[in-house]
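Order of appearance sets the numbers: ligands from 1, and atoms from 1 within every ligand. Please read these numbers as outputs of a predicted model, since none were measured by experiment.
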Amino acid sequence: MLLSKSFIPILKDNPSEAKIKSHQLMLRVGMIKQASAGIYSWLPLGFKIMKKIEDIVRQEQNKIGAQEILMPTIQSSEIWKESGRYDDYGEEMLRIKDRQNREMLYGPTNEEQVTEIFRSSFKSYKSLPQLLYHIQWKFRDEIRPRFGIMRGREFYMKDAYSFDVTDEDAFYSYNKFFLSYLRTFKRLSLTAIPMAADTGPIGGNLSHEFIILADTGESKIFTDKRVFDLNSEGTKLEKSSLEQLRTKYEQYYSVTDEKFNNDEFEKMVTEENRLITKGIEVGHIFYFGDKYSKAMSAAVDLPGGKKDFVKMGSYGIGVSRLVGAIIEAKYDDKNEIMKWPLSVAPYDVALIPMINKNDTSALEKANNINNELIKHKIDVIIDDTDENFSSKIKKMNLIGAPYQIIIGKKSDGDLLEFNETGGDTQNLSLDKIIEIITKQKVTN
Ligand code: ATP
Ligand code: MG
């Protein structure tokens with residue numbers, strides 16, 4: 001892709017309306033454009049990154065056996081009246097009337113819609129468990145939309161729902177999502193800690209929020225530092241293995257302010273291991289038993305001939321919020337250097353030829369290198385403009401391809417100037433560069 005032809009409208013300075021670094025960078029490099037308060041258009045750079053995140057989320061859902069569906073954004077008020085949430089949900093729900101004067105709404109979440117699908121499709125315990133998910137826009141008329149897409153009114157969410165016969169089976173489903181969330185955030189190169197959470201308006205009795213540390217986060221957290229040393233490596237999808245994983249995390253005190261209790265914190269965590277800080281909620285999982293299935297009569301036949309309401313959980317990931325969360329975690333705003341994790345980077349490599357008006361040989365060389373990289377499925381952006389070197393580097397540092405190749409005076413013969421964005425430059429052959437990037441791509 002040539003920079004001169006791409007739609008990446010970079011601003012010279014930080015936009016003054018943006019208060020946190022993710023919002024600043026997203027406006028600065030034109031990843032998004034505000035349409036109205038808390039509602040954004042996604043421009044090519046931002047959209048490409050969000051789609052890559054979505055794809056990783058999808059792959060990890062599929063790996064635990066969840067099946068993808070797509071429910072509409074607009075829902076009928078009828079099912080929300082059945083669950084009792086039509087009145088309870090309050091002003092965050094955007095209510096609409098159609099031409100028949102029917103009450104509709106723009107979905108803030110989908111427990112009712114998916115329960116309606118389930119009850120009309122499944123009748124027997126033999127079809128369970130069912131794990132269903134979709135990735136769809138949501139609308140919540142947040143009282144204070146802010147920080148760009150971090151707290152938007154319209155936002156993109158993956159929400160999954162589990163249906164089981166018994167509580168025990170349902171906890172097994174819950175634990176599958178617990179593992180898949182740890183795996184998902186790891187692939188996005190984020191450390192997300194599961195924290196015991198309040199069950200809030202969705203209701204129920206078991207819940208974890210997945211939080212990444214960031215000073216600009218809106219959640220206050222109280223945690224035992226040792227939780228950061230845990231990982232989910234090697235965990236199998238078996239029941240006992242998943243139980244062990246959750247127990248391993250739950251042995252350390254880790255909660256958000258809603259569940260915080262100072263006496264417990266001081267009793268369970270020694271002073272040197274206490275960490276009180278802020279974080280961004282990127283995912284949230286709930287178990288709520290038969291709260292919706294009972295209200296909406298979603299029952300299945302049991303082996304003995306009886307019927308029972310199914311046991312449900314719901315599992316959300318803020319896909320659009322994750323774009324901002326990754327920036328909060330990775331952007332060095334002092335030096336204005338962004339380095340996207342390779343797994344979601346908009347381009348793998350920035351090719352920066354030093355172009356002189358009378359001499360286009362560097363651009364030709366860049367085109368040849370690009371052809372070679374394409375053969376190895378390495379995605380490249382070429383700065384084909386004739387701006388000066390320092391402004392070229394500045395721009396590419398903001399766009400944030402994880403690697404840069406500079407074709408200038410110092411690239412001599414077959415050796416090229418290569419660096420990880422923000423890191424030291426090395427002189428390497430193209431073959432060596434391809435080898436380094438390919439190796440990283442595989443481990444991602
Ligand atoms: P919050 O406490 O941040 O309002 P929530 O508890 O209301 O979140 P859930 O209903 O659990 O959120 O939604 C699942 C995920 O969707 C959240 O973990 C978050 O990542 C994302 N999310 C929720 N509200 C927004 C929003 N207004 N803008 C962007 N992402 C959001
Ligand atoms: Mg909320």
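- At least one heavy atom of Met150 sits closer than 4.0 Å to an atom of ligand 1.
- For the residues Arg321, Glu154, Glu258, Glu92, the heavy atom positioned nearest atom 25 (C) of ligand 1 is part of Arg321.
- Geometric assessment of Arg140 against the ring of Tyr106 yields a negative cation-pi assignment under the 6.0 Å and 45° thresholds.
- Of all atoms in ligand 1, listed by their number and element, those nearer than 4.0 Å to a heavy atom of Met157 are 13 (O), 14 (C), 16 (O).
- Two residues are said to be in side-chain contact when any heavy atoms from C-beta on lie closer than 4.5 Å; Tyr156 and Trp42 fail this criterion.
- Between Met104 and Gln75 there is no side-chain heavy-atom pair separated by less than 4.5 Å.
- In Glu281, the parts holding a heavy atom less than 4.0 Å from any atom of ligand 1 are both the side chain and the backbone.
- Nearest-heavy-atom check against atom 4 (O) of ligand 1 across Arg153, Arg151, Glu209 picks out Arg151.
- In this structure, Ile149 has a heavy atom closer than 4.0 Å to ligand 1.
- Within 6.0 Å of atom CZ in Phe122, more than 12 heavy atoms from other residues, nucleotides or ligands are found, so the atom counts as buried in its surroundings.
- Interface atoms of ligand 1 facing Glu142, defined by a heavy-atom separation under 4.0 Å, are 24 (N), 26 (C), 27 (N).
- If you number the atoms of ligand 1 from 1 as listed, the ones under 4.0 Å from a heavy atom of Gly283 come out as 18 (O).
- Cation-pi geometry between Lys311 and Phe309 is not met: the NZ or CZ atom fails to fall both under 6.0 Å from the ring centre and inside 45° of the normal.
- Distances below 4.0 Å separate heavy atoms of Gly318 from the following atoms of ligand 1: 15 (C), 16 (O), 20 (O), 21 (C).
- Residue Ile8 holds its CD1 atom at 4.0 Å from CD1 of Ile381, rounded to the nearest 0.5 Å.
- Using a non-hydrogen distance threshold of 4.0 Å, Gly152 registers as a contact of ligand 1.
- With Glu336 as reference, Arg28 is the one residue of Lys21, Arg28, Lys12, Lys394 to meet the salt bridge (charged side-chain N to carboxylate O under 4.0 Å, His left out) rule.
- Looking at Lys334 and Asp332, no side-chain N of the basic residue comes within less than 4.0 Å of a carboxylate O on the acidic one, giving no salt bridge.
- Here the shortest heavy-atom distance to atom 30 (N) of ligand 1, taken over Tyr315, Phe155, Phe210, belongs to Phe155.
- For Thr109, the heavy-atom gap to ligand 1 stays at 4.0 angstrom or more.
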